[in-house]
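Okay, structure first, notes after.
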Amino acid sequence: MAENILVCTAWPYANGNLHIGHLAGAYLPPDIFARFHRLKGNNVLMVSGSDSHGTPITLRADAEGVSPLEIFERFHGQFLETYQQIGITYDLFTHTDTENHYQVSQDIFSACLENGFLYKHTEEQFYSETEQRFLPDRYIEGTCPVCGYESARGDQCDNCKSLLNPTELINPRSKNDGSVPVLRATEHFYLDLGKLSDDILAYLSQDKDYWRSNVINFSLQYVKDGLRGRAITRDIGWGIPLPLEGYDSKRLYVWFEAVIGYFSASIEWAANHGEPEKWKEWWYRPEAKTYYFIGKDNIPFHAVIWPAELIATGRHLYEDDTSKFLNLPYDVPANEYLNMEGEKLSTSRNWAIWAPDLLERYDPDAVRFYLTAIAPETRDTDFTFDDFIRRNNDELVAAWGNLVNRVLGFAYKRFDGQVPPIGPDGLDDLDRQMLSEVEAGFDTIGDLLAAVKLRAALDEAMRLARSTNGYLNEKAPWKAIKDDPARAGTSIYVTLRVIDNLKILFSPFLPHTSQRLHAYLGYEGQLFGRQYVEDFVETNRRHSALCYDNSQAIGRWQPSDLQPGQALRQPEPLFKKLEPELAEQEVARLLGK
RNA sequence: GCUGAUGUAGCUCAGCCGGUUAGAGCGCGAAACUCAUAAUUUCGAGGUCGGUGGUUCGAGCCCACCCAUCAGCACCA
């Protein structure tokens, strides 16, 4: 009955803080999705981790004169902090510098090799004799062959924007010390994507109607344009060694190894919980559904290359029964980009709102609400502080927050702090209609959430809140209480029960305030589970990871059964109004720094 | 440059396989109400659906070209 849902999210590069684009595009949506499925009683496993090996990390490490390890540990720790603040409930958020991940990645490499999907190829690359290492393209400078600009990078000329090969540069030199690099032959392993092309095309052509059109179209086009082998090793020191003799100076290239993290993190999670085979419920049961939440820049890696890697491993790794196959991605609900104040986010230009910064000044649910309302599900969208404050005040506070506040306040003051009973006349048509309308939300909103249409789901919940405000105005219990208190009590009972339903319907989006409402309504217990950071010790390494314990969670995706007489708690407003002047201050802060 | 996407009311966006007077939220105007964080509810005004041309009995939705914005084509994943 219960479904197995694997929720994967992009592995953030641990080379800088998270910004709102990361949250809106890749981290908040899966959390909403995961919370919903947990409320439904499904078996959710949500995993990800910090990508500790990418080029940007070594770049930053070189720039700061520290080790890559130091860089990624700093930001990994920051990620754990941010995810706890905003409430991204990973069952495991680990990183890629663990013994477990090394082992799994090497095993997949070996399996691909044994199955004949890797080949070796030698090419010439620039080598620095002074530094005794091969240089990445962007470490090489020279004169642009197109426009004559003297400081063109090896991959692109910043002056004329031409895309270049470093060997095309006139007078190439190392960016680090100005020395002249020499061409030297180097041998690398390639993943034979051409050989896998037919299988990938078959996978992408089968039952993908429910995929977002931009994702499936892009992926199909990507494959149809022709797949060529991609190098999966590099001449660097920071990364995962090859499981072969004689390749000590080479590492697995990060794009090959990072996506394996979904798989290795699932295995780590199972081991951490003392059930080392448990991960197979998501990876080997054909009916399990695996979702990958990513930004659009990552589509080829998740819809094409990761399936290719899984197919190339033979698809029955760590499993004796060779009739079983590792599940290929069920859905890749990639998001477009979130821009800010009309301009694309840019880390290098410091044009971004950093998550830790934002969460320092605003409540997590206000941020969650706005980022969901403008989630770039089908196209690029724009974050503005003006709009953030407006939607917070005119939508979240005005419609939902105010509804809760007016009815809880009225009930608390006028009905002795208790849920009033249904009057002797019972429920009338309007009462029943109101209740059935909101109860139907479990289906309509549930269907939208299951289809990863989060914005539409939130809109529908807001519509129900507005409808409830209309019901309350129609019933006007503040009038009725003067001449027919029992009827006023009935209306308040109905409204309390409606917001008890809305509490659950909103909870995947607004978990913190739903929890508070839960308490105001007089309930005990936690709707959701507990987040915590734990240190894990392997044979020679240790790492800290974010974990989640859902065992005490009592939230259920089902209609309220609120009982008359239940004692309420003194309510407080769920949300704060924000001063419109804040928008100018925030923009000034952005421009000033 | 090549490939792909997007351009719908003041703002942010929905519009499934082409079919009667193009929708929502917010904003704006009017009214009702006063329990509530001057919040709520109802009603209303607002758009030649980027431009030009075409296919069709009929196009926001199909085709061609143009304009604008964006993305991919990188040793960035």
Side-chain angles (χ1 to χ4, degrees), chain A residues 10-13 15 51 53-56 59 123 125-126 134-140 153-156 161-166 188 213-214 217-218 220-222 224-225 230-231 233-236 253-259 294-302 305 336-337 339 342 344 373-374 377-382 384 386-387 390-391 393-399 401-414 453 455-456 458-460 462-463 465-481 488 491-492 495 571-578:
Chain A
W11 290 58
Y13 261 143
N15 72 320
D51 183 345
H53 294 139
T55 310
L59 279 171
E123 61 185 40
Q125 291 188 352
F126 278 117
F134 283 94
L135 296 173
D137 286 7
R138 52 177 64 192
Y139 277 79
I140 296 166
R153 291 194 326 221
D155 56 342
Q156 183 174 36
K161 305 297 179 196
S162 300
L163 297 179
L164 304 171
N165 280 319
H188 284 290
S213 60
N214 53 336
N217 289 342
F218 183 91
L220 280 170
Q221 196 57 42
Y222 192 89
K224 286 175 183 166
D225 281 349
R230 280 181 78 106
T233 55
R234 299 186 78 188
D235 293 297
I236 50 173
Y253 190 15
V254 64
W255 68 260
F256 177 79
E257 155 260 299
V259 285
I294 57 169
K296 65 177 164 187
D297 53 330
N298 251 323
I299 291 172
F301 285 87
H302 292 78
I305 291 176
E336 306 285 308
Y337 285 149
N339 297 321
K344 196 179 165 183
I374 62 163
E377 288 179 358
T378 54
R379 60 165 90 165
D380 290 359
T381 57
D382 198 32
T384 69
D386 225 34
D387 194 46
R390 187 191 64 68
R391 292 183 98 119
N393 292 352
D394 298 339
E395 295 183 17
L396 182 61
V397 173
N402 185 238
L403 169 67
V404 170
N405 196 230
R406 65 196 294 214
V407 66
L408 277 180
F410 193 80
Y412 193 79
K413 272 182 284 194
R414 308 302 290 270
K453 294 177 176 173
R455 244 170 44 169
L458 180 59
D459 279 349
E460 179 61 13
M462 288 298 287
R463 193 188 67 73
R466 277 182 222 105
S467 182
T468 311
N469 274 316
Y471 164 85
L472 204 53
N473 281 18
E474 184 71 26
K475 286 292 183 181
W478 47 90
K479 269 185 188 164
I481 199 164
S491 310
I492 292 298
T495 314
E572 297 283 333
L574 292 181
F575 309 100
K576 293 186 202 113
K577 281 197 78 165
L578 300 170

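Note on naming: letters A, B, ... go to the chains in the order of the sequence lines (proteins, then strands), and numbering restarts at 1 for each one. When reading the values below, keep in mind they use all heavy atoms of this one structure, side chains included, and skip hydrogens, waters and symmetry mates.
- Distance, A:W478 CH2 to B:A36 C1': 9 Å, rounded to whole Å.
- Nucleic acid contact for A:N469: sugar-phosphate only, since backbone atoms but no base atoms lie under 4.0 Å from a heavy atom of the residue.
- Nucleic acid contact class of A:V254 (heavy atoms, under 4.0 Å, all strands): sugar-phosphate only.
- At the phosphate of B:A36, OP1 or OP2 sits under 4.0 Å from a side-chain N or O atom of A:K413.
- Salt bridge present: A:R391 and A:D387 bring a charged side-chain N and a carboxylate O closer than 4.0 Å.
- In this model, the phosphate group of B:C35 is not approached by any side-chain N or O of A:K479 to a distance below 4.0 Å at OP1 or OP2.
- Of the side-chain N and O atoms in A:S213, none sit less than 4.0 angstrom from OP1 or OP2 of B:A5.
- B:G50 and B:G15 have their P atoms separated by 15 Å, given to the nearest Å.
- Across B:C70, B:C75, B:G27, the shortest atom-to-atom separation from the side chain of A:D394 is found for B:G27.
- Nucleotides B:G58 and B:G18, compared at atom P, are 16 Å apart to the nearest Å.
- If you check every strand for non-hydrogen atoms under 4.0 Å, A:I294 touches nothing.
- The residue A:E474 sits apart from the nucleic acid: no heavy atom pair falls under 4.0 Å.
- Looking at A:R390, its side chain has no donor and acceptor atom pair within 3.5 Å of the base of B:C26.
- Side-chain atoms of A:E377 come within 3.5 Å of backbone atoms of A:R455 as a donor-acceptor pair (strictly under, hydrogens ignored).
- At B:A14, one or more side-chain N or O atoms of A:R455 fall inside 4.0 Å of OP1 or OP2 (strictly under the cut-off).
- In the interface, the side chain of A:E336 is not paired with the base of B:C70 through any donor and acceptor atom under 3.5 Å apart.
- Nearest to the side-chain atoms of A:R466 among the listed nucleotides B:U40, B:G25, B:C13 stands B:G25.
- Of the candidate nucleotides B:A14, B:C76, B:C70, B:C76 has the atom nearest to the side chain of A:R234.
- Stacking of A:F410 onto the six-membered ring of B:C35 is not present when judged by under 5.5 angstrom between centres and under 30° between planes.
- Residue whose closest nucleotide on RNA chain B sits further toward the 5' end, between A:N214 and A:R230: A:N214.
- Distance alone, capped at 3.5 Å, places no donor-acceptor pair between the A:N405 side chain and the A:G401 backbone.
- Here A:Y253 lies in heavy-atom contact (under 4.0 Å) with sugar-phosphate atoms only.
- Glycosidic torsion of B:G46 falls within 90° of 0, placing the base in syn.
- The listed nucleotides are B:C70, B:C75, B:C35; the one nearest the side chain of A:R406 is B:C35.
- Nearest heavy atom pair, residue A:A398 against residue A:N469, reads O-ND2, 4.5 Å.
- The residue A:R391 sits close only to the backbone: its heavy atoms come under 4.0 Å of sugar-phosphate atoms, none of a base.
- Remark: RNA chain B takes part in the stems B:1-7 with B:67-73, B:10-13 with B:23-26, B:28-32 with B:40-44, B:50-54 with B:62-66, each of 3 or more antiparallel Watson-Crick or G-U pairs, criterion distances under 3.5 Å.
- Contact annotation for A:G470: backbone-only contact, meaning every heavy-atom pair under 4.0 Å involves sugar-phosphate atoms and none involves a base.
- Comparing B:C49 with B:C2, their P atoms are spaced 30 Å from each other, to the whole Å.
- For the P atoms, the distance from B:C63 to B:C17 is 13 Å, rounded to whole Å.
- Across all strands shown, A:R414 has no heavy atoms under 4.0 Å from either base or sugar-phosphate atoms.
- Judged by distance alone, with hydrogens and angles left aside, the side-chain atoms of A:N393 form no donor-acceptor pair with the main-chain N or O of A:K577 at under 3.5 Å.
- When each of B:C13, B:C75, B:C26 is scored by its nearest atom to the side-chain atoms of A:E395, the top-ranked nucleotide is B:C26.
- Each of B:A14, B:C75, B:C70 was ranked by its minimum atom distance to the side chain of A:Q125; first place goes to B:C75.
- Below the 3.5 angstrom threshold, one finds a donor paired with an acceptor across the side chain of A:N473 and the base of B:U40.
- Nearest nucleotide to the A:Y337 side chain, out of B:C33, B:A71, B:A36: B:A71.
- If A:E572 and A:Q221 are placed on RNA chain B by their nearest nucleotide, the residue sitting closer to the 5' end is A:Q221.
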